[in-house]
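So the structure is just underneath, and the comments pick up after that.
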Amino acid sequence: MRYVLEFTEADLDRPPSEPEKVAATVREMFDGETPVRTMDVAEKLGRNYGTVKTHLHRAGQQNLLQCVPRKGWLPTEC
């Protein structure tokens with residue numbers, strides 16, 4: 001394969017997805033020890049709780065966040 005181009009994420013100029021935006025908000029709100037609650041993220045963004053919850057779980061599947069059951073969300077070390 002002589003003429004194959006390879007692209008990385010840095011090559012693609014695209015806006016962040018909703019899970020990436022929500023993960024960035026959790027990183028901003030994280031104080032270093034206490035998990036960030038879904039309700040607090042929804043209030044800060046001014047969005048529906050269910051919508052934010054869905055985006056948080058998608059961010060967790062993408063390893064952008066870590067879920068602590070019944071506590072909240074933690075940013076990953078990435």
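Start at 1 with the first residue, then count along the sequence. Everything numeric in this text was worked out from a predicted model, so none of it was measured.
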For a side chain to side chain contact (heavy atoms under 4.5 Å, CB included) check, start with the C-alpha distance between His55 and Lys21, then their side-chain angles and the critical distance, and finish with the verdict. CA-CA 9 Å; His55 292 310; Lys21 291 177 189 176; over 6 Å; no

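- The pair Arg14-Glu20 meets the salt-bridge criterion, with a side-chain N (NZ, NE, NH1 or NH2) lying under 4.0 Å from an Asp/Glu carboxylate O.
- Remark: the backbone N or O of Lys53 is not paired with any side-chain donor or acceptor of Thr38 at under 3.5 angstrom.
- Residues Gln66 and Thr76 come closest through the heavy atom pair N-CG2, 4.0 Å.
- A continuous path of ILVMFWY side-chain contacts below 4.5 Å connects Val68 to Phe30, so both sit in one hydrophobic cluster.
- Atom CD of residue Glu28 and atom NZ of residue Lys44 lie 5.0 Å apart, to the nearest 0.5 angstrom.
- Residues satisfying the salt bridge (Lys or Arg N to Asp or Glu O under 4.0 Å) test with Glu43, not counting sequence neighbours, are none.
- In this structure, Lys71 has no salt bridge (Lys or Arg N to Asp or Glu O under 4.0 Å) partners at least two apart in sequence or on a different chain.
- In this structure, the separation between OG on Ser17 and CZ on Arg58 is 9.5 Å, given to the nearest 0.5 Å.
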Leu56 vs Leu65, side chain to side chain contact (heavy atoms under 4.5 Å, CB included): CA-CA, chis, key distance, verdict: CA-CA 8 Å; Leu56 286 169; Leu65 298 174; 3.5 Å; yes

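- Contact detail for Val36 and Val26: the closest heavy-atom pair is CG2-O, 3.9 Å.
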Please walk me through it: do Trp73 and Met29 pass side chain to side chain contact (heavy atoms under 4.5 Å, CB included)? CA-CA 10 Å; Trp73 297 89; Met29 295 175 69; over 6 Å; no

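- The shortest non-hydrogen separation linking Pro35 to Leu74 is CA-CD2, 3.7 Å.
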